[in-house]
Amino acid sequence: MLQPPSSISLLFLLLFFFISPITAANVTVLFKEAPQFYNSPDCPLVFIGQEDSHQLCSDDAVHVAMTLDTAYIRGSMAAILSVLQHSSCPQNVIFHFVSSASANASALRATISSSFPYLKFQIYPFDDGAVSRLISTSIRSALDCPLNYARSYLADLLPLCVRRVVYLDSDLILVDDISNLANTQLNDAVLAAPEYCNANFTSYFTPTFWSNPSLSLTFANRNPCYFNTGVMVIDLSRWRLGDFTSKIEEWMELQKRMRIYELGSLPPFMLVFAGNIVPVDHRWNQHGLGGDNFRGLCRDLHPGPVSLLHWSGKGKPWARLDANRPCPLDALWKKKTGVGEEEGIEF
């Protein structure tokens with residue numbers, strides 16, 4: 001677990017680095033192979049079902065869901081490595097990657113497998129065309145990518161045997177054992193996430209929403225707070241039972257008819273769940289390191305201990321490093337590699 005900001009070290013980028021260009025049309029990426037990570041002696045034995053039927057199942061495993069695409073592949077690789085490196089039972093972590101149905105899944109699979117040959121994972125195609133019809137324009141075009149909405153469909157995409165999952169965005173790194181997050185007691189709730197009740201919750205919805213009693217009464221008898229959907233623990237069994245995907249889609253359909261929010265995939269989640277989630281310690285989502293959604297200016301860590309650093313916002317560390325305009329915390333992403341060093345390429 002990370003303590004004060006001054007103690008942050010260049011924790012893991014010694015192992016593998018980006019050494020060839022990425023393009024949207026052709027996933028041409030080479031990373032060094034990461035070492036194999038082994039369980040501690042007291043880790044439970046995880047049984048993996050028939051992989052040829054894509055049933056990567058075990059209640060003793062930590063199931064992690066992430067989206068996967070070429071634009072964020074560098075972030076995804078760093079996130080995967082950080083999860084494994086800090087886990088006490090890394091062999092018990094199973095990854096569930098969701099990618100666009102139009103993406104080159106074979107190339108994405110090869111990229112993951114070449115760097116993490118022992119990783120237990122599956123890639124699930126997401127029909128982004130189906131959700132595109134529900135997406136309204138938001139304040140930043142990147143937020144309108146259909147894959148941003150895949151987190152709302154995990155209960156449909158993942159095998160029924162996966163009953164609980166930790167969802168992680170691709171622009172973050174962990175510096176703590178993910179099992180501490182995955183074991184969050186949900187009680188009767190569907191999901192858990194860090195809440196930020198000091199944020200101006202009303203600002204996430206338009207005056208049209210708040211001036212309509214039939215809409216604003218959505219939060220009656222609830223104490224809604226902002227929560228960031230980039231880090232969540234989700235009970236998929238309860239999600240399926242309550243058909244929460246349909247509930248989110250209903251709000252998206254209403255948004256198409258009358259604009260009730262401005263910020264992409266987050267507000268529908270808050271409309272359905274805000275005030276009804278299990279709060280998680282803020283250390284598990286030190287978010288906003290990418291700055292705001294307009295300029296992406298540098299930001300420091302929030303006070304307190306850190307278990308997860310999240311570059312949410314417009315600025316991504318790999319992009320700022322490429323542009324030679326890094327923020328101080330982006331140093332976590334910067335390390336020269338021996339392979340390709342003659343070309344001056346940095347991760």
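Just the heavy atoms: all of them, side chains too, but no hydrogens, waters or symmetry mates, feed the values below.
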Student: When rounded to the nearest 0.5 angstrom, what distance separates OG in Ser152 from CG in Asp156?
Tutor: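 Nearest 0.5 Å value for the OG-CG distance: 10.0 Å.
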Student: How long is the straight-line distance from CE of Met258 back to CZ of Phe209, given to the nearest 0.5 Å?
Tutor: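 Taking CZ in Phe209 and CE in Met258, the distance rounds to 9.5 Å.
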Student: Is there a donor-acceptor contact under 3.5 Å from the side chain of Arg240 to the main chain of Ala155?
Tutor: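 Side chain of Arg240 to backbone of Ala155: a pair is present.
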Student: Using only heavy-atom distances, determine whether the side chains of Thr229 and Arg151 contain a donor-acceptor pair under 3.5 Å.
Tutor: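 Result is yes, a qualifying pair exists.
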Student: I'd like to know if the side chain of Ser100 reaches the main chain of Ser102, judged simply by a donor and an acceptor atom lying under 3.5 Å from each other, with no hydrogens or angles considered.
Tutor: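 Pair found, side chain donor or acceptor close to backbone of Ser102.
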Student: Taking atom CG of Asp188 as the centre, report whether more than 12 heavy atoms of other residues, nucleotides or ligands fall under 6.0 Å from it.
Tutor: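 Atom CG in Asp188 is not crowded, with 12 or fewer foreign heavy atoms closer than 6.0 Å.
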Student: Could you give the distance from CG (Leu329) to CD (Gln286), rounded to the nearest 0.5 Å?
Tutor: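 If we round to the nearest 0.5 Å, Leu329:CG and Gln286:CD are 9.0 Å apart.
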Student: If you define the side chain from C-beta out and look only at heavy atoms, does anything of Asn39 sit under 4.5 Å from Gln91?
Tutor: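 SC-SC contact between Asn39 and Gln91 confirmed.
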Student: Tyr153 and Glu249: side-chain donor and acceptor closer than 3.5 Å?
Tutor: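 The criterion, which ignores hydrogens and geometry beyond distance, is satisfied for Glu249 and Tyr153.
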Student: List the steps and the verdict of ring-ring contact (aromatic ring centres under 6.0 Å, His included) for Phe219 and Phe205.
Tutor: CA-CA 12 Å; Phe219 296 112; Phe205 304 95; 5.8 Å; yes
Student: Does Ile112 offer a backbone N or O that forms a donor-acceptor pair with the side chain of Ser115 under 3.5 Å?
Tutor: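 Side chain of Ser115 to backbone of Ile112: no pair is present.
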Student: Would the number of heavy atoms belonging to other residues, nucleotides or ligands and lying under 6.0 Å from CZ of Arg325 be above 12?
Tutor: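 Open: at most 12 neighbouring heavy atoms sit under 6.0 Å from CZ of Arg325.
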Student: Here's a test for you: under ring pair (Phe, Tyr, Trp, His ring centres under 6.0 Å), which of Phe201, Phe269, Tyr204 qualifies with Tyr226?
Tutor: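 Per the ring pair (Phe, Tyr, Trp, His ring centres under 6.0 Å) rule, the option paired with Tyr226 is Tyr204, out of Phe201, Phe269, Tyr204.
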Student: Salt bridge or not between Asp171 and Lys316? Use side-chain N to carboxylate O under 4.0 Å.
Tutor: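 Salt bridge between Asp171 and Lys316, a charged N being under 4.0 Å from a carboxylate O: yes.
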Student: Same cluster or not: Val83 versus Tyr118, using hydrophobic residues (I, L, V, M, F, W, Y) connected whenever any side-chain heavy atoms lie under 4.5 Å apart?
Tutor: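 In one cluster: no.
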Student: Any chance CG of Asp300 has more than 12 other-residue heavy atoms, nucleotides or ligands included, within less than 6.0 Å?
Tutor: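 Counting neighbours around CG of Asp300, 12 or fewer heavy atoms of other residues, nucleotides or ligands fall under 6.0 Å, so no.
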Student: Please step through ring-ring contact (aromatic ring centres under 6.0 Å, His included) for the pair Phe273 and Phe244, ending with a clear verdict.
Tutor: CA-CA 9 Å; Phe273 292 110; Phe244 286 100; 5.1 Å; yes
Student: With rounding to the nearest 0.5 angstrom, report the CD1 to OG1 distance, Ile260 to Thr218.
Tutor: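 If we round to the nearest 0.5 Å, Ile260:CD1 and Thr218:OG1 are 8.0 Å apart.
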Student: Side chains of His96 and His63: is there a donor and an acceptor less than 3.5 Å apart?
Tutor: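 Looking only at side-chain atoms, His63 and His96 do form a donor-acceptor pair, the distance falling under 3.5 Å.
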Student: If you round to the nearest 0.5 Å, how far is CG of Leu174 from OG of Ser87?
Tutor: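 If I round to the nearest 0.5 Å, the distance is 9.5 Å.
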Student: Distance alone, cut at 3.5 Å: any donor-acceptor contact between the side chains of Gln36 and Tyr38?
Tutor: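 The answer is yes; a qualifying pair exists.
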Student: Ignoring hydrogens and geometry beyond distance, is a side-chain donor-acceptor pair present between Thr202 and Trp210 at under 3.5 Å?
Tutor: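 No, no side-chain donor-acceptor contact under 3.5 Å.
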Student: Go through the side-chain N and O atoms of Asp60 and Ser58 and say whether any donor and acceptor fall under 3.5 Å apart.
Tutor: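 Not at all, the side chains of Asp60 and Ser58 share no donor-acceptor pair under 3.5 Å.
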Student: Could you pull out the closest heavy-atom pair between Arg222 and Asn276, with the gap in Å?
Tutor: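 Looking at all heavy atoms of both residues, the closest pair is NE-ND2, 3.6 Å.
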Student: What I want to find out is whether Arg163 reaches Asp59 closely enough, with some N-O distance under 4.0 Å, to be called a salt bridge.
Tutor: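 Salt bridge flag = yes for Asp59 with Arg163.
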Student: Looking only at heavy atoms, what is the nearest atom pair of Arg259 and Thr206, with distance?
Tutor: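 Shortest heavy-atom separation between Arg259 and Thr206 comes out as O-OG1, 2.9 Å.
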Student: Check this for me: does any side-chain nitrogen of one of Arg74 and Asp322 sit under 4.0 Å from a carboxylate oxygen of the other?
Tutor: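 Yes, this pair counts.
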Student: Please identify which of these residues, Val166, Val165, Leu186, meets the side-chain contact (heavy atoms from CB on, under 4.5 Å) condition with Ile234.
Tutor: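 Among Val166, Val165, Leu186, the one meeting side-chain contact (heavy atoms from CB on, under 4.5 Å) with Ile234 is Val165.
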Student: Say whether His86 and Asp177, considering side chains only, have a donor N or O and an acceptor N or O under 3.5 Å apart.
Tutor: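 Per modelled atom types, His86 and Asp177 side chains form no pair under 3.5 Å.
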Student: To the nearest 0.5 Å, how far apart are OH in Tyr72 and OG1 in Thr67?
Tutor: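 Rounded to the nearest 0.5 Å, the OH-OG1 separation comes out at 8.5 Å.
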Student: Kindly state whether the ring of Phe95 and the ring of Phe97 have centres lying under 6.0 angstrom apart.
Tutor: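 So the answer is yes for these two rings.
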Student: Measure across Ser99 and Leu108 and return the closest heavy-atom pair with its distance rounded to 0.1 Å.
Tutor: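 In this case the closest contact between Ser99 and Leu108 is CB-CD1, 3.9 Å.
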Student: Verify whether one side chain among Asp330 and Trp318 offers a donor that lies under 3.5 Å from an acceptor in the other.
Tutor: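 Their side chains do not contain a donor-acceptor pair, so the 3.5 Å distance test is not met.
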